[in-house]
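Proteins come first, then strands; the chains are lettered A, B, ... in the order of their sequence lines, and each starts at number 1. For the numbers below, each heavy atom of this structure counts, side chains included, while hydrogens, waters and symmetry mates do not. What you see is a predicted model, and the numbers here were worked out from it, not measured in a lab.
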Protein chains: 2
Amino acid sequence: MTPRTDADELTERPRVPLSRRRVLRAAVELADRDGLDALTMRRLAQEVGAEAMSLYHHVANKEAVLDGVVEVVLGEIAAAVEDVAAPAAADDWRGALRARILAARDVLLRHRWAPAVLESRTTTSPDVIAYYDGVVGILRAGGFSFDLAHRALHVLGSRALGFTQELFRPDGAEAPDAEAVAGMAERFPNIAGMLADAVHDDPDGTLGFCDDQFEFEFALDLILDGLERRRTAGS
Amino acid sequence: MTPRTDADELTERPRVPLSRRRVLRAAVELADRDGLDALTMRRLAQEVGAEAMSLYHHVANKEAVLDGVVEVVLGEIAAAVEDVAAPAAADDWRGALRARILAARDVLLRHRWAPAVLESRTTTSPDVIAYYDGVVGILRAGGFSFDLAHRALHVLGSRALGFTQELFRPDGAEAPDAEAVAGMAERFPNIAGMLADAVHDDPDGTLGFCDDQFEFEFALDLILDGLERRRTAGS
DNA sequence: ACCTGAACACCGTTCAAGT
DNA sequence: ACCTGAACACCGTTCAAGT
């Protein structure tokens with residue numbers, strides 16, 4: 001648009017030629033910083049110091065960008081999962097799987113937009129299949145039949161990758177002022193009671209109503225429990 | 001755009017005045033028929049025989065339309081859940097909850113786009129809170145503490161409304177031709193083994209690899225099991 | 001009060017043209 | 001080979017004008 005000046009040359013980082021890798025890294029950074037809605041072809045181009053149309057030489061279209069950022073994030077997960085200190089699957093499949101799932105979760109907590117993108121993909125990414133292949137490997141080493149391992153994948157669902165989409169986030173939870181709770185009590189008596197009870201248990205309220213990490217681990221352990229029970233019962 | 005003619009008068013259904021209710025019903029029908037991407041303000045207007053701008057007299061904006069279609073679907077769920085034959089919660093909380101969840105699932109199977117919209121809402125809809133209020137009511141009647149009921153909501157997550165977003169749908173499952181499986185075996189040995197085993201169990205293949213309804217119920221029962229175990233253990 | 005057309009500020013993407 | 005500007009067919013939405 002405006003002609004390039006020497007000033008541009010000096011303030012810009014050295015002119016690296018565009019590449020698929022660089023486009024995708026920029027896309028992840030952009031989504032981290034400004035959210036998923038900010039990830040448009042035009043803004044992404046701006047981010048790498050090019051015009052929107054230049055991107056099309058390195059990615060087929062926007063869907064390919066979204067596939068690509070999934071690839072980047074799953075790369076980070078694969079690396080984190082490899083590095084994690086965990087017992088051998090043959091000795092303790094639960095410990096092995098639990099540690100890996102929590103490591104994956106740590107990565108997704110740094111890319112909060114990623115679960116939504118992951119769920120929007122219509123064809124399963126090879127990297128997702130590879131991740132689940134690792135999960136099945138752990139289960140097999142822990143003594144699961146293929147059949148029960150298959151069921152385990154369905155029970156775990158996205159939790160195997162360390163996240164669950166929460167539909168229900170009680171709004172008044174952080175600031176449960178008496179008035180809002182009172183209005184709520186009429187329409188949602190059970191929820192209101194639950195909230196009141198939680199506040200009572202923790203009068204300072206500093207912990208907040210929902211400690212998501214705690215809840216995630218509680219749910220994960222309940223499921224791992226149930227799977228272990230099925231494993232020893234069946235076969 | 002083109003002037004109205006008598007022919008239009010005759011072929012159109014009788015001119016009902018626009019209303020929020022009518023706009024939202026049309027939005028649900030449109031999404032059912034042509035998918036979520038087809039749900040644009042312009043196409044929606046066309047659907048009710050008006051211009052796009054006319055919609056704004058009945059809904060604030062597109063977000064309000066999405067909130068509205070959630071409202072409609074949750075209305076259907078509330079009706080289905082009320083009608084379902086289920087044991088009394090005080091006698092059998094598991095049976096009571098299970099029947100309601102499967103009834104909710106039936107509704108969502110008729111509106112497959114609805115889970116994605118539900119998950120896209122940034123503020124929790126009052127209708128979602130009302131639904132979860134009912135769930136807590138059942139758990140309380142079944143002898144749950146507020147604390148354990150709260151955890152149960154987190155464990156169930158969207159499964160309480162009858163759906164789970166599946167990240168992992170093995171593609172070759174429906175047509176596991178030998179070549180594709182062989183290519184897969186190298187990169188995803190465990191998944192390939194799982195697929196091969198499943199095919200072996202069901203040589204006709206008519207059932208397909210994943211019976212989602214079966215898997216949904218298996219996972220649901222595993223979770224209800226685990227919750228019952230926590231309930232009798234704790235207190 | 002209810003509805004509308006034109007217009008605005010955005011999208012993703014195609015195409016023909018530049019170096 | 002790589003990048004670009006203009007243009008196209010869409011979005012959601014504002015505004016001033018119609019009945």
Exercise for the section: Round to a whole Å and report the spacing from CZ of Arg20(A) to P of dC2(D). Expected result: 15 Å

Handout entry: Any donor-acceptor pair under 3.5 Å from Asp133(A) side chain to Ile191(B) backbone
Key = yes

Practice task
Please report, rounded to the nearest Å, how far the P atom of dT4(D) is from the CD atom of Glu51(A).
Solution key: 5 Å

Practice task
Validate the cation-pi geometry between Arg105(B) and Phe216(B): distance from NZ or CZ to the six-membered ring centre under 6.0 Å, angle to the ring axis within 45°.
Solution key: yes

Practice task
Give the intermediate values and the outcome of side chain to side chain contact (heavy atoms under 4.5 Å, CB included) for residues Val81(B) and Ile101(B).
Solution key: CA-CA 8 Å; Val81(B) 161; Ile101(B) 288 176; over 6 Å; no

Exercise for the section: Answer yes or no: is there a donor N or O on one side and an acceptor on the other, between the side chain of His111(A) and the main chain of Val73(A), under 3.5 Å? Expected result: no

Handout entry: Base versus backbone protein contacts along nucleotides 12-19 of chain C [heavy-atom cut-off under 4.0 Å; B, S, -]
Key = BBB-----

Exercise for the section: Fit a plane to each ring of Phe214(A) and Phe218(A), take the angle between them on a 0 to 90° scale, and name the class: parallel (under 30°), tilted (30 to 60°) or perpendicular (over 60°). Expected result: parallel

Practice task
Kindly write out the residues that satisfy salt bridge (charged side-chain N to carboxylate O under 4.0 Å, His left out) with Arg43(A), not counting sequence neighbours, or none if the list is empty.
Solution key: Asp34(A)

Exercise for the section: For Leu36(B) and dC11(D), give me the distance from atom CG to atom C1', rounded to whole Å. Expected result: 14 Å

Completion exercise
Note on DNA chain C: ranges paired as stems (three or more Watson-Crick/G-U pairs in a row, both atom distances under 3.5 Å) are C:4-8 with D:12-16, C:12-16 with D:4-8

Problem - Rounded distance in Å - CD (Gln46(A)) to P (dC10(C)) - result: 11 Å

Exercise for the section: Mark yes or no for whether Thr164(A), through its side chain, and Glu166(A), through its backbone, hold a donor-acceptor pair below 3.5 Å. Expected result: no

Handout entry: Below 4.0 Å: OP1/OP2 of dC3(C) and any side-chain N or O of His58(B)
Key = yes

Exercise for the section: Please evaluate the base of dC3(D) for a donor-acceptor partner in the side chain of His57(A) within a cut-off of under 3.5 Å? Expected result: yes

Problem - dC2(D) OP1/OP2 closer than 4.0 Å to side-chain N/O of Ser54(A) - result: no

Practice task
Give a yes or no on whether the backbone of Ala160(B) and the side-chain of Tyr131(B) come within a donor-acceptor separation of less than 3.5 Å.
Solution key: yes

